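What you see is a predicted model; the values in this text were computed from it and never measured.
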Amino acid sequence: MSEEAGQLERNLGFLEAMTLGGGTMIGAGIFILPGLAAEGAGPASSISFVIAGVVALLAAVSLSELATGMPIAGGSYHYVNRALGGLFGSIVGWGMWSGLMFASAFYMIGFGQYIVVPLPFLDGRVLVVLLGLIGLGLITGINFYGTDESSGAQNLMIGAELVVVLAYVALGVFFIEPGNLQDFAPTGPSGVLATTGIVFVTYLGFEIIATVAGEIEEPGRLIPLTMILSVVLVTILYAAIMIISTGVVPYQELGDSFVPVSEVASITMLGVIGVAAVTIAAAIAAISSSNSSVLAASRVIYAMGRDGLMSERLNVTHDRFATPHRAIMATGGVTGLLILVGLQVQEIVALLAQVASFSFLVTYGLVHIAVVVFRRADPDVYEPDFEIPAALYPAVPVLGVVMTFVIISQMELQVILVGFGVVIFGVVWYVVYVGGQAIETGLIDDAFEDPVQAAIAKLPITSNVPETVEPYRVVVPVANPETQRELLRLAAATARAHADEGTPELIAINIIEVDPSTERNIASERLEHQRTLLANARDIAAEMHVDLRTSAITAEQAGEAILDVIEEETADQTLLGWSGTLDREEHAFSSTIDPVVKQAPCDVSLVEIQQPSIGTPVALAGPGPHSPVAARRAVDFATVDETIPTLLNVQPPNNDGDITPTERGTAAIRWVAERAGLAPDEYESEVIIARDAESAILDAVEEYDTVCVGLSEQRDISRILFGSIAERISQEATGNVGIIRGTKRLDQSGIDDPLALVDDPETIFAQK
């Protein structure tokens, strides 16, 4: 991933999302397609729009769940790629990108036609194409400059055309000739269904909302609201307009016109004035529809670049404008070539518009399947704010798939052939370009694996089944792929060492810190990094045969998020990686670690991983309040390599009465071990006699692979939680270093307890 690969701003509100979705659908559907629709189904073309609206609504419901579960750029492509793997991702990605470009080219040719045809001093196909290219250049430039500017321009364009459309409907009702509607369905049910396939291209708008989901504010609320609302409103509008259009002008005449709405407006909207208003509105509508398509198409290949299905050079945002400028330029360039194709053969452009419908019908069929896969696999990263209601699941995805393929079956043969050509191209691209480097393998295996075990798991628990044992949980935040294996090994070791207290269970978490004040979308590569880390954690846990759950978290403060998990899971321990460096300014360890060390209601282990081998650990059996817990942890860690840890104590050389330094040190170690609950055969003892205790400890621990030190609280300064010996060990030791803090502080008054061990307890912990 390139360093400049970045994030898109989350700055599209309700109005912008509605105009992107609804505006795209209003534009082409109303001004360009009524002629084709009337030719295919007569007045019953209104039914074709309703059927297309129902199919779109089903897809919008499934897409809403997926989009709120993963609100990042890419739309249907991203969801299918995640659920079904790279092969289907390539098919959908190429289908969506090509379909949106085909539709955009179709809209811009319509833009040229609506300007040229009504004006007698303009003529010729060259001028139509030239105007289309000029409009496309304007759209590409706006998208390159910024999403804010693109959506702002979209709002103005949609507002203007909507005024004309509402006037068209309101006035047209009074000019309907009932006789024009008597032959309501001249081509029968098959003609209505075939026309549904033609007009479905107008329903791409709601998909565009999902495609730019990574830039929409409040995605959990606005994505489903704007997607469903835009489909319903536009479907009603389409049906009304087709009834009015075919009721005012016989469908045969409407089908022969390049500018069908102008033909109706010349009758219902004061002649020339109406034609002028429709011409302007149609031109604006074509621009707005093409703008939305270019916007969405660029996000598709932006996401494909992110996933390795295209060059990662496309997954780059502009340093100044924060737009995917390379993806936008690529989309604009190819769309321009498609417009030039229309210079010679207009029918090719119309055909490509229908192929766009085919591509999106295939896409939506796979989207419905993706919902089922996500529901069954239930990955950690999938937590949708909107879910298909239980009463409608799985009816919505099943009905959506069935209706999608019924409409495809009624499309013209040449459209089906070209559409399958795009599908085959996606397959060939995947095999040739991506090859064995596919990053995404999909969730199908997780969704449908081991049905027998799943069935067994659902069986009711009988009285013969032993009561479930409470787990012994260790929370492990993972952030560094280079050390997560060792962290998980230590966490598994300490969890297993406490198996008598509960079934060992690890909870691996990764936290993405976000700054809510910037309203920034989470960078796609950060999400991918998080997903990879947790997937690796699951693989490592499987190798170690230990139960592990993972949790992907987004939070403002990582330390607070870790504390929340510890409390929610009632964790027994948490084990955190640590860089080994101290913060000399505001914090002792770091802004993330300090809150956990101070507030976690469980044992805390900070581990600096410097070498993969745990070897034989050593614990300092000193007077610190957490010394027994450090001794206990050394025994836990030693189980990794099946060694016996050493408890180390340093004493000054002077004798105290009848007690020798060695006897005093041995008594101190035994005292710590008993409070740690250790049996004599679980540890070795080592007493060092030296005047300089700190230097002696540093020299001694060099012989060990791992050192465990209890957290010191001798200094009554909130920022300083770290004793000088432990600090020097962390700085100078070449092995692994664990800083241990127990749940309960050792009561220093408990030093009276050594009375049972020696005659003079005050001398047990001579070194300070």
Side-chain angles (χ1 to χ4, degrees), residues 24 52 55-56 59-60 62-63 66 73-106 197-198 200-212 292-310 314 327 330-331 334-335 338 349 351-371 400-401 403-405 407-409 411-412 414-434 438 440 442:
T24 304
V55 175
S62 289
L63 266 177
L66 293 171
S76 294
Y77 154 73
H78 177 71
Y79 314 136
V80 172
N81 189 48
R82 279 286 293 122
L84 306 179
L87 174 60
F88 289 95
S90 178
I91 293 171
V92 171
W94 275 103
M96 287 182 65
W97 190 47
S98 61
L100 286 165
M101 289 188 300
F102 295 159
S104 182
F106 176 71
I198 295 173
F200 193 78
V201 69
T202 63
Y203 284 90
L204 305 187
F206 73 91
E207 164 64 39
I208 292 171
I209 295 175
T211 306
V212 298
S292 299
S293 298
V294 169
L295 179 71
S298 62
R299 271 53 175 183
V300 171
I301 57 170
Y302 172 83
M304 291 178 75
R306 175 190 66 207
D307 297 336
L309 293 177
M310 281 195 181
L314 295 171
T331 300
V334 177
T335 304
L338 292 172
V349 178
L351 174 64
L352 294 181
Q354 296 180 61
V355 174
S357 291
F358 178 96
S359 296
F360 275 88
L361 285 166
V362 172
T363 295
Y364 295 146
L366 294 174
V367 161
H368 288 303
I369 296 173
V371 170
V401 170
M403 291 191 69
T404 292
F405 288 99
I407 294 175
I408 287 177
S409 68
M411 300 180 88
E412 294 180 10
Q414 58 181 345
V415 174
I416 294 175
L417 292 176
V418 175
F420 272 114
V422 175
V423 171
I424 293 171
F425 182 84
V427 174
V428 172
W429 178 268
Y430 178 80
V431 173
V432 175
Y433 179 80
V434 182
E440 193 57 70

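When each of Phe405, Phe200, Phe420 is checked for a ring-ring contact (aromatic ring centres under 6.0 Å, His included) with Phe358, only Phe420 meets the rule.
Within the structure, every pair that satisfies the side chain to side chain donor-acceptor pair (under 3.5 Å) test and touches residues 83-105, not counting sequence neighbours, is listed here: Trp97-Thr331, Ser104-Ser290.
In this structure, the side chain to side chain contact (heavy atoms under 4.5 Å, CB included) partners of Ala59, at least two apart in sequence or on a different chain, are Phe206, Tyr364, His368. In this structure Val371 satisfies the side chain to side chain contact (heavy atoms under 4.5 Å, CB included) test together with Ser62, Glu65, Leu66, Arg375, Ile388, Tyr393, sequence neighbours excluded.
Between Val55 and Leu361, some side-chain heavy-atom pair lies under the 4.5 Å cut-off. Counting heavy atoms from C-beta outward, Tyr430 and Phe88 have side chains that stay 4.5 Å or more apart.
Residues Val80 and Gly89 share a closest heavy-atom pair of CG1-N, 4.4 Å. Of all the heavy atoms in Ala370 and Tyr79, the pair that sits closest is CB-O, 4.1 Å. Minimum heavy-atom separation, Ala297 to Met101: CB-CG, 4.5 Å. Across all non-hydrogen atoms, the minimal contact from Met96 to Ser76 is SD-CB, 3.8 Å. The two atoms that bring Asn81 and Gly86 nearest to each other are OD1-CA, 3.3 Å, heavy atoms only. Here the closest non-hydrogen pair linking Tyr302 and Leu314 is CD1-O, 3.5 Å.
Interatomic distance, OG of Ser409 versus CD1 of Ile416, reported as 7.0 Å (0.5 Å rounding). Atom CD1 of Ile301 sits about 8.5 Å away from atom CE of Met304, to the nearest 0.5 Å. Atom CE of residue Met310 and atom CH2 of residue Trp429 lie 5.5 Å apart, to the nearest 0.5 angstrom.
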Hey, mind stepping through Phe360 and Leu100 against side-chain contact (heavy atoms from CB on, under 4.5 Å) and telling me if it holds?
CA-CA 9 Å; Phe360 275 88; Leu100 286 165; 3.6 Å; yes

Please test Val201 against Phe102 for side-chain contact (heavy atoms from CB on, under 4.5 Å), starting from the C-alpha separation and ending with a verdict.
CA-CA 10 Å; Val201 69; Phe102 295 159; over 6 Å; no

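When atom types are taken as modelled, the side chain of Ser298 and the backbone of Ala327 share no donor-acceptor pair closer than 3.5 angstrom.
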